[in-house]
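The analysis underlying the following values was restricted to heavy atoms, covering all of them including side chains, and did not include hydrogens, waters or symmetry mates.
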Amino acid sequence: MTDAPEANPEENIVCDLANRHCVPCQGGVPPLTAKEIAPLLAQLPGWTVVDDHHLHRQYDFDDYLAGVAFLNRIAALAEEEGHHPDLFLSWGKVVVTIYTYKIDGLADADFVLAARIDRLERG
């Protein structure tokens with residue numbers, strides 16, 4: 001019997017978020033508070049929260065077409081999940097902004113979508 005290497009707990013947490021699916025917000029619930037946001041954000045390296053309102057991340061690429069291809073993968077995922085981020089494409093970068101419009105702030109599904117985007121192939 002061999003000892004399996006220990007899994008990185010941080011990778012498992014992000015993996016757990018990425019394995020979930022977005023649950024549509026029907027409105028009528030408050031956005032997440034800063035206290036509720038902190039542990040979720042800790043699971044998403046590279047993402048920032050702006051004004052306790054939205055998630056933000058920039059992905060960098062070596063050329064324009066790689067960014068376009070990644071943006072298209074995000075768009076397909078967004079359609080699949082029924083949760084649509086704001087996307088900005090420029091030469092060498094794709095900027096993603098996520099929040100839940102119905103509550104004008106952050107919901108759990110925003111963090112799930114961010115984790116699923118991080119899992120997409122960037123090449």
Legend entry - Heavy-atom side-chain proximity of Phe70 to Leu89 below 4.5 angstrom: no
Inset, instruction - Describe, in one word, how the ring planes of Tyr59 and Trp47 are oriented to each other, choosing from parallel (under 30°), tilted (30 to 60°) and perpendicular (over 60°). - result: perpendicular
Inset, instruction - Report yes if some heavy atom in the side chain of His83 is under 4.5 Å from a heavy atom in the side chain of Val112; otherwise report no. - result: no
Legend entry - Student check: side-chain heavy atoms of Lys102 and Val29 closer than 4.5 Å: no
Legend entry - Side-chain heavy atoms of Leu106 within contact of Thr100, under 4.5 Å: no
Legend entry - Gap between atom CG of Leu87 and atom CG of Asn72 - 0.5 Å precision: 9.5 Å
Legend entry - Closest approach of Lys35 to Pro39 (non-hydrogen atoms, all atoms of both residues): O-CD, 3.2 Å
Inset, instruction - Please answer: with hydrophobic residues joined when any side-chain heavy atoms are less than 4.5 Å apart, are Tyr99 and Val50 in the same cluster? - result: no
Legend entry - Side chain proximity check, Val96 to Asp86, heavy atoms < 4.5 angstrom: no
Legend entry - Whether Glu79 side chain and Ala75 backbone form a donor-acceptor pair below 3.5 Å: no
Inset, instruction - Would you mind reporting whether Arg57 and Ile117 have side-chain heavy atoms less than 4.5 Å apart? - result: no
Inset, instruction - Output the distance between atom CG (Leu55) and atom CG (Leu40), rounded to the nearest 0.5 Å. - result: 9.0 Å
Legend entry - same_hphob_cluster(Phe88, Ile74) at 4.5 Å side-chain heavy-atom cutoff: no
Inset, instruction - Take Leu77 and Leu120 through the test side chain to side chain contact (heavy atoms under 4.5 Å, CB included) and record every step on the way to the result. - result: CA-CA 9 Å; Leu77 173 65; Leu120 294 174; 4.1 Å; yes
Inset, instruction - Without swapping roles, check the side chain of Asp51 against the backbone of His53 for a donor-acceptor pair under 3.5 Å. - result: no
Inset, instruction - Compare every heavy atom of Ala114 with every heavy atom of Leu44, then report the nearest pair and how far apart it is. - result: CD1-CB, 3.7 Å
Inset, instruction - Please tell me if the side chains of Gln58 and Asp60 come closer than 4.5 Å, counting only heavy atoms from C-beta onward. - result: yes
Legend entry - Residue pair Lys93 / Phe61, side-chain heavy-atom distance below 4.5 Å: no
Legend entry - Non-hydrogen atoms of Gly105 and Pro31 that approach each other most closely: CA-CB, 3.8 Å
Legend entry - Check: Ala107 main-chain N/O paired with Asp110 side-chain donor or acceptor under 3.5 Å: yes
Inset, instruction - Count the heavy atoms belonging to other residues, nucleotides or ligands that lie under 6.0 Å from OH of Tyr101, then report whether that count exceeds 12. - result: yes
Legend entry - Basic-acidic side-chain contact under 4.0 Å: Glu81, Arg116: yes
Inset, instruction - Answer yes if Leu113 and Val95 sit in the same cluster of Ile, Leu, Val, Met, Phe, Trp and Tyr residues linked by side chain heavy atoms under 4.5 Å apart, and no otherwise. - result: no
